[in-house]
Amino acid sequence: MRLLVCISSVPDTTSKIKFTDDSSRFDDSGIQWVINPWDELALTRAIELKEDNTNPVTEVVVITIGTFQTEPTLRKCLAIGADKAVRIDIEPLDAYQTASQLAAYIKNEEFGFIICGIESGDYNEASVGGMLAELLDFVSVSSVSSVRFNKDQPIFQRDVANGKEELSVNGTAVLIVQKGFASVPKIPNMRGIMTARSKPLELIKASSSKSLIKFVNYHSPKEKEAVQMLESSDELVEKLSKEAKLI
Amino acid sequence: MAILVYIRNVAGTIKKQSLELSSYAHAMAEATNQEVIGIVIGEIDDSALSELGNYGMSQILKADNPNFNMRVNRVYTRIIEQAVLKTNAQYILFPDNNQGKAIAPRLSVRLQAGFVPQVLGLPSSYEPFHIEKRAFTGKALANIEVNTERIILSPILNSYGLNENKTELKIENFEPEIDEPESRLTILDKKVNTERINLLDADIVVSGGRGLKSAENFKLLEELATTLDGALACSRPVADDGWRPADEHVGQTGKIISPNIYFAVGISGAIQHVAGVSGSKCLVAINADPEAPIFDVADYGIVGDALKIVPELNEAFKQHLSDNQ
Ligand SMILES: Cc1cc2nc3c(=O)[nH]c(=O)nc-3n(C[C@H](O)[C@H](O)[C@H](O)COP(=O)(O)OP(=O)(O)OC[C@H]3O[C@@H](n4cnc5c(N)ncnc54)[C@H](O)[C@@H]3O)c2cc1C
Ligand SMILES: Nc1ncnc2c1ncn2[C@@H]1O[C@H](COP(=O)(O)O)[C@@H](O)[C@H]1O
């Protein structure tokens, strides 16, 4: 069984976020690009599943929609242990366009299941996984917190209001994952970095596709008022009830 | 035309977030001269829905076929799509939580309708349609334009608040036609924990970091959470060390929450942690170190030993709550 992990390349959380002078675009000068943290956990778990020989997983493929700028991120995925990387060469305009490009690729391939993160740390659309599933008429399972195999059948666990459910899916599923899927992201070792160079990184031309929403411009959130330092618990209760009116 | 609100059915009850969403829809309805209609899926009594009439909703479509009690995103999407067509809704609103995130993107594809998640505030204009959303994990706001015929939005929880508007509410049964030939999703096992308040739904969250020193000391936070009817959360190292369950960890790699009050106790305020809680309406920090970065993002702060302050605070809240009963 082949697994596909969708990888979004995002600015490291500690990056200072700036925009171009007319605020219409994200200014990516000096940005350190990393694997979107949830995608990193998804990839980690996919590789763990493959490394355990009792499972039917034979190959882990990663895919990203993006310009050449995303290549170091894909190389890192290969160094961590993915077998193959695919890049579709287009700068995404919105989640719909990203999902359409992914769907165009997946249509001609066969995967046991496909994993997306809950959201990417740049445009925070939390949409690609669900849109992809709908475009392909696949089942989507959200809030997935773990995957295991029962013989050849993957069993998924998802969080539901105040509890957890275990389920199986007939056909290809798109999993939307968050915390708990894997605990510590796998980091590349020297051997991984060396072998990554000889692993395939397939470059595909983008099919034309449209977007549904338009990012017009950006601004910084309102400056937060300075913190009020308080001396006692009683003072805090007083503030929360009289000033903030939240208690 | 109408504004359709997805009402989340939690085992036959609704949450405050649905009242907030209705309040938000009502404000949009006033501006665009439309009606607010709700759609609810799965078994639920009319009495559990009546409260929505106090927040501007005038009609509810109830798809209470027991087959719908199990959540299948594909099926839910099709039910809501039919409700959109029936009511000719122009705007469709979802809560910005896991359920909204699961269904709204699918619906966006079905309807070819632009979807804007993590919305803050009302649209700044309707023609053309402009609205603000959170981007870059809260470090920026993006102004979004949408030109599709229908538009789907999910406002961040607790960002708008409740607004009472008494309306006459009609509840109507709705029987969508669903083609789900064979069930492609099989539930094998379900573990329910109804005792605990769901972290994503909680108005008040009491969260602890490594400054709590041990798993046992989290009892103090549990007691405070119980007093305030809140949920418990923690920083990542606390979950990694097994002091608390993994699903309580908030932040960049954990849950993203936006409660009314977030108590950060013994949490240094690393940027990866703050990324998960920066949407909170009010952030209270309790930390031994006056220089801790958490104070840069807090609204109220107390410097001191959490093990001493938390029990005092618990007593002070108990006193306050009994005085104000
Ligand atoms: C890629 C990446 C992703 C990450 N994702 C997350 C995430 O999602 N969530 C997350 O939380 N972290 C995340 N982290 C980790 C994050 O960087 C911090 O290391 C972590 O949040 C620190 O946890 P802490 O505040 O509990 O512990 P510490 O940083 O050790 O802080 C403990 C605090 O307690 C205070 N303290 C000590 N004793 C007392 C006392 N008696 N009373 C009161 N205060 C006291 C100290 O002054 C200190 O400020 C991530 C890191 C990386 C690199
Ligand atoms: N450009 C992209 N290429 C491949 N996958 C992506 C891309 N953008 C987002 N994704 C996937 O979709 C998830 C959710 O992202 P988003 O909907 O953009 O918040 C991410 O965690 C990735 O798994």
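By convention in this document, chain letters (A, B, ...) are assigned in the order of the sequence lines, proteins followed by strands, and residues within each chain are numbered from 1.
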Partner chain A: residue of [options] with the largest heavy-atom pair count (under 4.5 Å):
options                     : answer
B:Q99, B:R8, B:E312, B:Q112 : B:Q112
B:I271, B:I144, B:D96       : B:I144
B:H320, B:R106, B:K190      : B:R106
B:T77, B:V303, B:V297       : B:V297
B:H130, B:Q319, B:R110      : B:R110
B:V109, B:D203, B:I103      : B:V109

Inspect the contact between [Y] and [X] and indicate whether a charged nitrogen and a carboxylate oxygen are less than 4.0 angstrom apart.
X      : Y      : result
B:K191 : A:D159 : no
B:D296 : A:K224 : no
B:K101 : A:E125 : no

Quick check on [X] against chain B: is it the side chain, the backbone, both or neither that has a heavy atom closer than 4.5 Å?
X      : result
A:D94  : neither
A:I247 : both
A:L135 : both
A:I17  : side chain
A:S232 : backbone
A:F138 : backbone

- request: Decide if atom CG of A:D21 counts as having more than 12 heavy atoms of other residues, nucleotides or ligands within a radius under 6.0 Å.
  value: no
task: Mark yes when over 12 heavy atoms from residues, nucleotides or ligands other than B:L162 sit less than 6.0 Å from its CG; otherwise mark no.
output: yes
Could you check which of [options] has the highest count of heavy-atom pairs closer than 4.5 Å to chain B?
options                        : value
A:P11, A:S23, A:S168           : A:S168
A:D137, A:I118, A:V141, A:L240 : A:D137
A:E231, A:E165, A:E40          : A:E165
A:E238, A:Q157, A:E225, A:K210 : A:K210
A:N36, A:L236, A:V128          : A:L236
A:G129, A:S220, A:G121, A:A244 : A:G121

Is chain A contacted by the side chain of [X], its backbone, both, or neither, given a heavy-atom distance below 4.5 Å?
X      : answer
B:L228 : side chain
B:I204 : side chain
B:V310 : neither
B:A113 : backbone
B:Y76  : neither
B:S154 : neither

query: Do B:Y300 and A:E235 get their side chains close enough for a donor-acceptor pair, meaning under 3.5 Å?
result: no
- prompt: Taking atom types as modelled and ignoring hydrogens, do the side chains of B:R74 and A:S140 form a donor-acceptor contact shorter than 3.5 angstrom?
  reply: no
For the residue pair [X] and [Y], what are the closest heavy atoms and their distance?
X      : Y      : result
A:A126 : B:P105 : O-CG, 3.8 Å
A:T14  : B:Q272 : CG2-NE2, 4.0 Å
A:V227 : B:G301 : CG2-N, 3.7 Å

field: A:R25: side-chain contact (heavy atoms from CB on, under 4.5 Å) partners, not counting sequence neighbours
entry: A:T20, A:E91
statement: The single option from B:I256, B:T253, B:N98 that satisfies side chain to side chain contact (heavy atoms under 4.5 Å, CB included) with A:Q178 is B:N98
task: Among B:D189, B:L188, B:T186, find the one that has a side chain to side chain contact (heavy atoms under 4.5 Å, CB included) with A:I155.
output: B:L188
Which side-chain N or O atoms in residues 131-142 of chain B pair as donor and acceptor under 3.5 Å with protein atoms at least two apart or in another chain?
{"residue": "B:E132", "atom": "OE2", "partner": "A:H219", "partner atom": "NE2", "Å": "2.2"}
{"residue": "B:K133", "atom": "NZ", "partner": "A:Y123", "partner atom": "O", "Å": "2.5"}
{"residue": "B:K133", "atom": "NZ", "partner": "A:N124", "partner atom": "O", "Å": "3.1"}
{"residue": "B:R134", "atom": "NH1", "partner": "B:Q118", "partner atom": "OE1", "Å": "3.2"}
{"residue": "B:R134", "atom": "NH2", "partner": "B:A275", "partner atom": "O", "Å": "3.2"}
{"residue": "B:R134", "atom": "NH2", "partner": "B:S278", "partner atom": "OG", "Å": "3.2"}
{"residue": "B:K139", "atom": "NZ", "partner": "A:T13", "partner atom": "O", "Å": "2.3"}
{"residue": "B:K139", "atom": "NZ", "partner": "A:S15", "partner atom": "O", "Å": "2.7"}

